[in-house]
Amino acid sequence: MFLPRIFKSLELSVRERETHELLELNEKTKEYGLVLTPDEIKEILTVRDQVLHSYGRVELGIEVSKALIEQFCTSPYLDKDHYASTLMELHEIFYDLKNETEDDIADAELIDLLKKSFDEECAGSLELLKSRMEEFARQFRLEAVKTLEEGDEGA
Amino acid sequence: MEPVQNLRSVTLGGNIDRSRLKRNGYTISLLNEAVRTGWMSTQEVYAVQTGLMTKLQELILRYTQGKSTSVTTDTAENLMMSIMYAVDACMLQYEHPETAVAVLKSQPVDTIYEQGVGIVQKHFEEAKTLYQEIKKHKLEVPVDAYNMTIDESLPVFMNKYGVIFDAHNTMASIDYPLAIDDMQLQGVFYMKRYLERLWMETQFCRLFDRQELLELLADYGKVCRFDYRIELFNIFRLVLNNAIFSVLSGGAAERITISPVQFGRLVHLFEDTERIDSLIQTGIERVIAELNIREAEMTEYIRDCRPDLVQRLRTAAEHNVLHTVIIMRKKEKPKSIAVSFHAADRMDDRLLRKWIAQIAERQEIGDKIKLIRSNFHSLHDYLDLLESDTLYGEEYAALFDTFGDMELAILAKIVFYEDLRDDFPDFPSIVEAREGAEREWQQHFIHFLRQLDRSRLKSIGEYVDDIDYEQITFV
């Protein structure tokens, strides 16, 4: 398949545009004391690409990255020292959850769930957030199987 | 959109090597070739790639109904293949690749894609119409693959095919083999070609008397020693071949029954294998003329069947087995032959379960066998009983021991189905050579037969030879 080759060739020019788009978000996040440098953005996008690759996913825009920044910048548990590294971790948790819930939950809904859990029961702990999301995905799949079985019985 | 004729003037010159263009993945091969020959710059190719990526991005959102911007790699590749299928459909409509390149250079990918989707949709609509025609005029023959393909597999395609997300997928698994299949195609182009050919084949076969067709199928089953109803073979080839043989042996083109006298003439004709090609060519032209076949596509299709038939005839003539290619009319066998299991006496499921439960409860072998013999009459019921694993060990042998040669032969036709196909040495050797069986009762059956003396086995073998699968009814 030629898809990876095309992705690769487009990557370079697109990366500049994406970096610029994320830099623009600093305007919004700086009121919470959170700002990303161009180097941090490049690192976040590199990590995001690696995560997508390792989870076997394709995303041609950076809508998820933007949504994560916009949602999490209001969190009381984020500080400027851990802002970039937290965003990198959040990308991994997000795409893992996307796979584990078999693409059945919309992006916006998942990001809401992550934010709520991060701010409330996890009190800003990424480790806790990971294990909570694993449990959530497990329950979600069990429910899905149950619904499927009930549907089969009803048919 | 700018008329394509005007675009051609931009690019006339033509040094694109057509042999480097692929039917599958046409646009990609065209882009590669255009860059190689200087018809497109790398910047122009890059613009097309960007256009395709934008289209993929749009399609991902459509696919997830706006809920997700990412998909799995498999899904992305599938969507990309669907996009490329539509783009290929658009590009392939231009006879000259240079014209297609001109379109790629001057039209937005979006426009090309939309045009392609229109073409795919049009083919899909035509395929649906064609399918309805085939369904309406389908042959009335007891050939499972033919019937199931038309009644079950093709509707799956008609219901599931997706022009946007799955254009390149063929969707349904089609069992019935055409005389000539074009496996290079995919998606709706494959299916439409399949339907066009199935329609031609069906129309051709409908030119012949149904009774003769049914007899030909039965005779073919006998020659191949298989149950033609469940085997995969092409009916059209069989009919066409015999129509050709008919005209070559003094018969009419609309007759597909070859008598022993005609068969003798054909054997004589094909003695000189060097003449076979020209003879078949003559035969084909006479069939086309006598049956008044005027459609160019059908005459071409019939002519395309020649090389394969010639090859098969040459091989058969050299090995003195022309009877396997020229299907001759077999004599009718006495109808009374397969009466040992009475089809009409099949019991309903509830009753069957009741008897099976009673048999399982009996302790004595003799009681069990008595109960079975006095209540089971149809082959179907016996097979249900055997498959239910109600009997144990020596109980199988005790039951088989109550069967006559005819009944044992019928079971042998089922157990040794694969071994009996084509030419086999003799029945005792088959029983001897057989290694294992899938079902327990079959293992016991083979073991039971091996205990019989050779003359009894030979006698059973004679029945095996005589019974046609058509005579064994399961309902």
Side-chain angles (χ1 to χ4, degrees), chain A residues 1-18 21 45 47-71 90-114, chain B residues 21-22 24-35 40-85 87-88 104 109-110 113 165 168-169 186:
Chain A
M1 184 69 190
F2 63 98
L3 207 57
R5 193 154 48 85
I6 296 184
F7 287 160
K8 198 76 194 164
S9 67
L10 293 177
E11 224 166 63
L12 294 173
S13 72
V14 170
R15 185 48 37 98
E16 277 177 34
R17 183 171 48 79
E18 290 172 347
E21 280 179 37
L45 290 175
V47 167
R48 172 250 192 201
D49 287 350
Q50 287 166 351
V51 167
L52 278 170
H53 181 75
S54 66
Y55 285 109
R57 298 191 68 82
V58 170
E59 185 176 41
L60 296 175
I62 50 162
E63 301 310 313
V64 167
S65 303
K66 284 157 91 174
L68 285 172
I69 290 172
E70 285 176 327
Q71 282 275 345
L90 286 171
H91 275 87
E92 175 151 14
I93 297 171
F94 173 82
Y95 290 115
D96 183 28
L97 194 55
K98 196 79 188 161
N99 271 2
E100 293 302 314
T101 51
E102 293 164 357
D103 283 14
D104 276 348
I105 305 178
D107 290 353
E109 212 176 310
L110 275 190
I111 292 172
D112 279 350
L113 176 74
L114 283 176
Chain B
L21 303 179
K22 295 171 185 163
N24 280 326
Y26 182 73
T27 308
I28 297 296
S29 65
L30 189 63
L31 285 171
N32 284 332
E33 185 58 4
V35 171
M40 279 178 99
S41 66
T42 46
Q43 284 78 10
E44 284 169 326
V45 171
Y46 182 74
V48 173
Q49 287 184 342
T50 310
L52 290 171
M53 282 300 112
T54 309
K55 203 70 231 172
L56 177 59
Q57 202 169 355
E58 275 174 43
L59 219 55
I60 288 174
L61 267 184
R62 268 177 89 176
Y63 181 79
T64 63
Q65 295 175 324
K67 288 180 184 166
S68 178
T69 52
S70 69
V71 287
T72 61
T73 311
D74 284 351
T75 305
E77 288 199 349
N78 201 54
L79 294 175
M80 194 67 206
M81 282 163 90
S82 191
I83 291 171
M84 293 313 298
Y85 189 85
V87 173
D88 283 354
L104 279 173
V109 168
D110 209 36
Y113 170 75
F165 302 129
H168 59 294
N169 272 338
Q186 294 175 336

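A note on names: the letters A, B, ... follow the listed sequences, proteins ahead of strands, and every chain is numbered from 1.
The line from NZ of B:K67 to CD1 of A:I105 is 10.5 Å long, rounded to the nearest 0.5 Å. To the nearest 0.5 Å, the span separating OG1 on B:T72 from CG on A:N99 amounts to 7.5 Å. With rounding to the nearest 0.5 Å, the separation of OG1 in B:T64 from CG in A:D104 is 12.0 Å. Taking CG of A:D103 as the reference point, atom OG1 of B:T75 lies at 6.5 Å (rounded to 0.5 Å).
Using a 4.5 Å cut-off between heavy atoms, A:Y95 contacts chain B through its side chain alone, with no backbone atom that close.
Between the side chain of A:D107 and the backbone N or O of B:T69 there is at least one donor-acceptor pair closer than 3.5 Å.
By number of non-hydrogen pairs under 4.5 angstrom with chain A, the leading residue of B:S68, B:S70, B:G25 is B:S70. In terms of non-hydrogen atom pairs under 4.5 Å with chain B, the most contact-rich of A:R57, A:E59, A:H53, A:K98 is A:R57.
Counting non-hydrogen atoms of other residues, nucleotides and ligands closer than 6.0 Å to OH of B:Y26 gives a total above 12.
Taking all atoms of both residues into account, the shortest heavy-atom contact from A:V58 to B:T73 is CG2-CA, 3.9 Å.
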